[in-house]
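Please read all numbers here as calculations on a predicted model, not as lab measurements.
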Amino acid sequence: MLDDAAAGASPRRVLGDAGARRVLDDAGARRVLDDAGARRVLDDADAAACVAAGGAPPPRVLPEQSALTRARSRMEHALAAARDTPAGDIPVGAVVFGPSGTPIAAATNRRQADNDPTAHAEVLALRAAAEKLGRWRLEDCELVVTLEPCVMCAGAAVAARVGSIVFGAWEPKTGACGSYVDAVRAPGALYVPEVRGGVAEHESQRLIHSFFSDLRR
């Protein structure tokens, strides 16, 4: 989570080992998507070129694109939560989506409001989701947050065994999903969630930048 510093430029890189656990940004979704590396998401120009050459257009590969569309839709819920952040707290919103794909818990950053150093949006949302489901293991859930989680929040997500993490703005100073450190893929980790970063990045950044601009006035 951002700590008294605005989010900076987003790192555009794919992280992790050679397996399927990667950080993907919006641009990453346009790269080769299947394990064999032979099929791509095709735009209309690609298909037209194939037809002009006398062949049928190759099949479209949509799973990653569908996942990105879903991630952007879910991020809207997190952005709405962030806009309700109490005055004085950095605007960050987090939502946990349950097994059915519906939001089951939402929270904002409340560190200043509650005088609680652990009251980050992700931690509060994970607590609420666990209470609602009656279990601490959330492997069939997805955590969506407007800002790259800090070490504490990334650790909480891993401890909760969330199936995946989606975040908006990258945070190069404290981000723990690949920017500053990569806590979710620590060496020897017993559990590694899937991570997608940079979803609705500019919208998330605008909230942060607006907050700090107001502080400087």
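- A search for side chain to side chain contact (heavy atoms under 4.5 Å, CB included) contacts involving Ser73 returns nothing, not counting sequence neighbours.
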Could you pull out every donor-acceptor pair under 3.5 Å between side chains of residues 75-84 and any protein atom, sequence neighbours left out?
none

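- Val158 is connected to Leu133 through a chain of hydrophobic side-chain contacts under 4.5 Å among Ile, Leu, Val, Met, Phe, Trp and Tyr, so both are in one cluster.
- Taking hydrophobic clusters as Ile, Leu, Val, Met, Phe, Trp and Tyr residues chained together by side-chain heavy-atom distances below 4.5 Å, Ile165 does not share a cluster with Val123.
- Under the rule for a salt bridge (charged side-chain N to carboxylate O under 4.0 Å, His left out), the partners of Arg74 that lie at least two apart in sequence or sit in another chain are Glu142.
- Within the 3.5 Å criterion, the main-chain N or O of Asp116 finds no donor-acceptor partner in the side chain of Asp114.
- The cluster map of Ile, Leu, Val, Met, Phe, Trp and Tyr, joined by side-chain heavy atoms under 4.5 Å apart, puts Val184 and Val145 in the same cluster.
- Put simply, the side chain of Ser204 gets close to the backbone of Thr146: a donor and an acceptor are under 3.5 Å apart.
- When all heavy atoms are compared, the tightest approach of Pro172 to Ser179 is CA-CB, 3.8 Å.
- Distance CD/Glu122 to CZ/Phe167: 11.0 Å, rounded to 0.5 Å.
- Interatomic distance, CZ of Arg161 versus SG of Cys141, reported as 14.0 Å (0.5 Å rounding).
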Side chain to side chain contact (heavy atoms under 4.5 Å, CB included) between Ser213 and Ser210, intermediate numbers included
CA-CA 5 Å; Ser213 294; Ser210 178; 5.6 Å; no
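- Hydrophobic cluster membership is shared by Phe212 and Trp170, with clusters built from Ile, Leu, Val, Met, Phe, Trp and Tyr side chains linked at under 4.5 angstrom.
- From Thr118, atom OG1 reaches atom CZ of Arg110 across 12.0 Å, with rounding to the nearest 0.5 Å.
- Here the CZ atom belonging to Phe97 is positioned 10.0 Å from the CZ atom belonging to Arg70, to the nearest 0.5 angstrom.
- A donor-acceptor pair under 3.5 Å links the side-chain atoms of Asp89 to the main chain of Gln112, judged by distance alone.
- Cluster annotation: Val162 and Ile104 are assigned to the same hydrophobic cluster (Ile/Leu/Val/Met/Phe/Trp/Tyr, side-chain heavy-atom contacts under 4.5 Å, transitive).
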Gln205 vs Leu147, side chain to side chain contact (heavy atoms under 4.5 Å, CB included): CA-CA, chis, key distance, verdict:
CA-CA 8 Å; Gln205 284 180 335; Leu147 190 66; over 6 Å; no
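- The line from OH of Tyr180 to NZ of Lys173 is 12.0 Å long, rounded to the nearest 0.5 Å.
- Test Val92, Ile90, Thr108, Leu207 against Thr85 for side chain to side chain contact (heavy atoms under 4.5 Å, CB included) and you get one pass: Thr108.
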Could you walk me through whether Ser164 and Arg196 pass the side chain to side chain contact (heavy atoms under 4.5 Å, CB included) test, one step at a time?
CA-CA 8 Å; Ser164 55; Arg196 181 182 291 274; over 6 Å; no
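- Applying the side-chain hydrogen bond (donor to acceptor under 3.5 Å, both in side chains) rule to Ser100 yields the partners Thr102; only residues at least two apart in sequence or on another chain are considered.
- With hydrogens and angles disregarded, no donor-acceptor distance shorter than 3.5 Å links the side chain of Glu171 to the backbone of Glu148.
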Steps toward side chain to side chain contact (heavy atoms under 4.5 Å, CB included) verdict (Val96, Leu126)
CA-CA 7 Å; Val96 176; Leu126 290 169; 4.2 Å; yes
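- With sequence neighbours excluded, the residues satisfying salt bridge (charged side-chain N to carboxylate O under 4.0 Å, His left out) with Glu139 are Arg137.
- A distance of 12.5 Å separates CD1 in Ile208 from CZ in Arg206, rounded to the nearest 0.5 Å.
- The salt bridge (charged side-chain N to carboxylate O under 4.0 Å, His left out) test applied to Arg135 returns Asp140, not counting sequence neighbours.
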